[in-house]
There are 2 protein chains.
Amino acid sequence: MPYDPSDYPPFAVTVDLVVLTVRRHALCALTVRRGEQPFQGRWALPGGFVRPDEDLAQAAARELSEETGLTAHDPSAPAQDNGAHLEQLATYGDPKRDPRMRVVSVAHLALAPDLPAPRPGGDANSARWAPVEELLAQGGYGRDGEPVAPLAFDHAQILADGVERARSKIEYSSLATAFCPPEFTVGELRRVYEAVWAVALDPRNFHRKVTGTPGFLVPTGGTTTRQGGRPAQLFRAGGATLLNPPMLRPEV
Amino acid sequence: MPYDPSDYPPFAVTVDLVVLTVRRHALCALTVRRGEQPFQGRWALPGGFVRPDEDLAQAAARELSEETGLTAHDPSAPAQDNGAHLEQLATYGDPKRDPRMRVVSVAHLALAPDLPAPRPGGDANSARWAPVEELLAQGGYGRDGEPVAPLAFDHAQILADGVERARSKIEYSSLATAFCPPEFTVGELRRVYEAVWAVALDPRNFHRKVTGTPGFLVPTGGTTTRQGGRPAQLFRAGGATLLNPPMLRPEV
DNA sequence: AGTGTTTATCGTCAGGAAGACGACTATGAT
DNA sequence: ATCATAGTCGTCTTCCTGACGATAAACACT
């Protein structure tokens, strides 16, 4: 079993991030504009090299912080800081995915509450939140009718995988709360589900489901009218991470 | 954004395999004995380096074939050859997981029907199927009372993740049929679920569930008495890959 | 003040699925 | 013939969901 590094060509290992949030009733992903070849000028997922002494999760957390200022919410962390949820998604290693050299990318998925504005940091020219619907419209047209260039590299595939992971995971976990501020109402949580799944949910049945699942929501005692209408109770995410029975995604 | 390979230390990229099967009512994993340092003489998961021109899935399929003779059942393949199910599991990249150099391992999960006997191939001294219960008993004792040495590297963690993936995935997919021969009975399929979950299921409710889910099972017309008792209908796996509603794992 | 609009929350009802379990059937073993 | 073993069909109760009526509490008008 040969282990001499010189026997094998060097692989570069990177992390790429699928950072999702809900903005204006739509599921959006963070994209950065590429400043150099290849795919210069095209939008791509944020990412970068894994450093020699870094774990993969550390590298992803560092990139997330550099791009958004968010702190990664380590699953082993105790309470709800204002950190985002971060988990490994999948690894992409097609020999031709980067024309320059052999790059294996460990993609990570981050879920964040709505942020003020993307802060262009590091080496990226600019960054923006884009609706995933537009980013994944293959060779299609955006909301304003302009043609949309596909994402660089295999990032469209990575994004699609990340979106699918998020869509399925909020079914059976309490992860949808990661898209919400620390305190939120049942209606706000419902709008998260509606945006991520792109469906309409019955407010009454949704309310019954989430308030009836023990450990999912903890009332804080406060109320708010920030959505208009009758004041709504405020909740925090409860300790339960698994929803059983799950929240059912309506049939298409 | 630096891309000069010399800027970054070389990473070695490997694939490790969690190959699961059901033998004698127990979920078993394929392990190979290490012939060299580190962890010489200890059991480990099969695996090896990704070659320069290979995709990750190809590398995993090649390793699987070398170790077991199984053909990987590509999800895009049409019908049920005698191949095993193979999917990417997760990637492990702790800087210290291999004391010799920086190795990033892309673990894959394979599910196979019961095989005659492990065929020691390639560079492994020997191979065997071991019940996952024993392999994961941390510093515990095997069925025969002998102390069990933990798996090499972080392979216990990888195995645990693979087992958990298999356990949860047979809930909502038809993947349990990957543990069965091409034709099987309802009872044999039930014993797969019972072995993977380590629970007892009601034969009548199980029968109602699997035969009542459209597209899950296709009767072949034949019957068998290989399990004793009344002859049972033989089925093939149907086209349905997603079970909705899922098969429910009993509460603990 | 009154009316309409919006959002939140509680209740009711029918249908479907699952767990518990009784009953019957078709083999081989003794 | 009897028994043990497995498979298959039903029944009953309970829980969950989807559909939807009704009420409550805020705000924006007039």
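Within every chain, numbering begins at 1; the chains are lettered A, B, ... in the order of the sequence lines, protein sequences first and strands thereafter. Being a predicted model, the structure only gives us computed values, none of them experimental.
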* Who passes side chain to side chain donor-acceptor pair (under 3.5 Å) against Q88(B), sequence neighbours left out? -> none

* Does OP1 or OP2 of dA6(D) have a side-chain N or O of R226(B) closer than 4.0 Å? -> no

* To do: Please confirm whether Y193(B) and F206(B) have ring centers closer than 6.0 angstrom.
  => yes

* **Nearest-Å distance for atom pair CG/P, residues L201(A) and dC20(D)** => 15 Å

* Would you kindly give the CD-to-C1' distance between Q227(A) and dT9(C), to the nearest whole Å? => 16 Å

* Quick one: is R190(B) getting a side-chain N or O under 4.0 Å of the dG7(D) phosphate, OP1 or OP2? -> yes

* **Test log, rule side-chain contact (heavy atoms from CB on, under 4.5 Å), inputs H108(B) and V18(B)** => CA-CA 6 Å; H108(B) 285 69; V18(B) 177; over 6 Å; no

* To do: Figure out the CE/C1' separation between M247(A) and dG18(D), and round it to whole Å.
  => 14 Å

* To do: Could you tell me the separation between the CG atom of D202(A) and the C1' atom of dC16(D), rounded to a whole number of Å?
  => 14 Å

* Asked: Just checking, any donor-acceptor pair under 3.5 angstrom between side chains of D16(A) and Y92(A)?
  -> no

* Asked: CD of E133(B): more than 12 outside heavy atoms within 6.0 angstrom?
  -> no

* To do: Would you mind reporting whether R190(A) and V210(A) have side-chain heavy atoms less than 4.5 Å apart?
  => no

* Relative to the 5' end of DNA chain C, which residue comes earlier, P245(B) or T225(B), by the nucleotide with the nearest heavy atom? -> P245(B)

* W129(A) six-ring face occupied by R24(A) cation (under 6.0 Å, within 45°) -> no

* Atom-pair distance (CZ on R249(A); C1' on dG18(D)), nearest Å -> 18 Å

* **DNA chain D contacts made by residues 205-219 of chain B, counting heavy atoms under 4.0 Å** => H207(B), R208(B)

* Asked: How many Å lie between CG on N244(B) and C1' on dA18(C), as a whole number?
  -> 15 Å

* Taking atom C1' of dT17(D) as reference, at what distance in whole Å does atom CD of E251(A) sit? -> 13 Å

* Look at the side-chain N and O atoms of R204(A) and state whether any lies under 4.0 Å from the OP1 or OP2 oxygen of dA24(D). => no

* Structure fact -> Between CG of L234(A) and C1' of dT9(C) the distance, given in whole Å, is 15 Å

* **N/O donor-acceptor pair, side chain R230(A) with base dA25(D), under 3.5 angstrom** => no

